[in-house]
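Structure record follows, encoded as structure tokens.
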Amino acid sequence: MEYFSKLKYGWADLTIGEFTCRCSYIQDIPMVILNAYAEFKERGYCVITIDSEGYDHEIIITQLGIHMLTYKDKIYYYNLNNQLDPNTLLNGLFIDIVDNIDEWADWMCLSDCETVIKNYKKRILKYANTIK
């Protein structure tokens, strides 16, 4: 995985350039990313909200650049424009989700039920094919 790592114990690390944030299983990260990808293709901008259980991150992606806001007790701002192109980032995130669907399905399913994992993978891949 290029952007996501450590899909274990309900957490994944998302690294964009020099910035890393943690993603919690309480969000359906694959659907968040695929929805952002589709929105960017349609409108030319999107916002990806990541819940880190205590911190919230908003990744604002436009044709002009990438910015991130992190909320805790106050707001922190990161300009990621010089680290990555918006299209490269979204395409890379899309590929990470699709190429690692097995890990994402296991990560998202709180039980080992094969049917749940199979249906989740099927739903994500079907949506990915629709928006690609």
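- Residues Tyr120 and Ala105 share a closest heavy-atom pair of CD2-CA, 3.6 Å.
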Would Asp51 and Asp56 count as a side chain to side chain contact (heavy atoms under 4.5 Å, CB included) here? Give the steps. CA-CA 5 Å; Asp51 186 333; Asp56 291 318; 4.0 Å; yes
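- No salt bridge links Lys118 with Glu114; every basic N to acidic carboxylate O contact stays at or beyond 4.0 Å.
- Arg123 approaches Met31 most closely through the heavy-atom pair NH1-CG, 3.6 Å.
- In terms of the ring-ring contact (aromatic ring centres under 6.0 Å, His included) criterion, residue partners of Tyr78 (sequence neighbours excluded) are, by chain and number, Phe19.
- Separating the NZ atom in Lys132 from the NZ atom in Lys41 is a distance of 7.0 Å, to the nearest 0.5 Å.
- Distance CD1/Ile33 to CG/Asp96: 9.0 Å, rounded to 0.5 Å.
- Of the listed residues (Val47, Ile16, Thr49), just one forms a side chain to side chain contact (heavy atoms under 4.5 Å, CB included) with Ile59, and that residue is Ile16.
- Here the side chain of Asp13 pairs no donor or acceptor atom with the backbone of Ser5 at under 3.5 angstrom.
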Could you go through residues 63-70 and list every donor-acceptor pair under 3.5 Å that involves a side-chain atom there, pairing it with any protein atom two or more places apart or in another chain?
residue : atom : partner : partner atom : Å
His67   : ND1  : Tyr77   : OH           : 2.5
Thr70   : OG1  : His57   : ND1          : 2.9

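- Crowding of Lys72 atom NZ: a count of heavy atoms from other residues, nucleotides or ligands under 6.0 Å exceeding 12.
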Do Cys46 and Leu90 pass the side chain to side chain contact (heavy atoms under 4.5 Å, CB included) test, and can you show the C-alpha distance, the side-chain angles, and the key distance before you say yes or no? CA-CA 10 Å; Cys46 65; Leu90 285 166; 4.2 Å; yes
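- Hydrophobic clustering places Ile61 together with Tyr3 (ILVMFWY residues linked when any side-chain heavy atoms are closer than 4.5 Å, directly or through intermediates).
- When each of Ile131, Ile124, Leu125 is checked for a side chain to side chain contact (heavy atoms under 4.5 Å, CB included) with Tyr127, only Ile131 meets the rule.
- Hydrophobic clustering keeps Ile60 apart from Leu84 (ILVMFWY residues linked when any side-chain heavy atoms are closer than 4.5 Å, directly or through intermediates).
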Side chain to side chain contact (heavy atoms under 4.5 Å, CB included) between Tyr55 and Ile50: does it pass, once the steps are laid out? CA-CA 8 Å; Tyr55 289 89; Ile50 303 291; over 6 Å; no
Evaluation steps, side chain to side chain contact (heavy atoms under 4.5 Å, CB included), between Leu93 and Ile97: CA-CA 6 Å; Leu93 291 171; Ile97 297 300; 5.6 Å; no
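- The main-chain N or O of Thr88 is found under 3.5 Å from a side-chain atom of Asp85 such that the two form a donor-acceptor pair.
- Tested against Phe94 for a side chain to side chain contact (heavy atoms under 4.5 Å, CB included), the candidates Asp99, Leu89, Leu34 yield a single pass: Leu34.
- The shortest non-hydrogen separation linking Phe4 to Cys23 is CE2-SG, 4.1 Å.
- No path of Ile, Leu, Val, Met, Phe, Trp and Tyr side chains, each step under 4.5 Å between heavy atoms, connects Tyr71 with Ile48, placing them in separate hydrophobic clusters.
- Here the straight-line distance linking atom CZ of Phe40 with atom OH of Tyr45 works out to 11.5 Å at 0.5 Å rounding.
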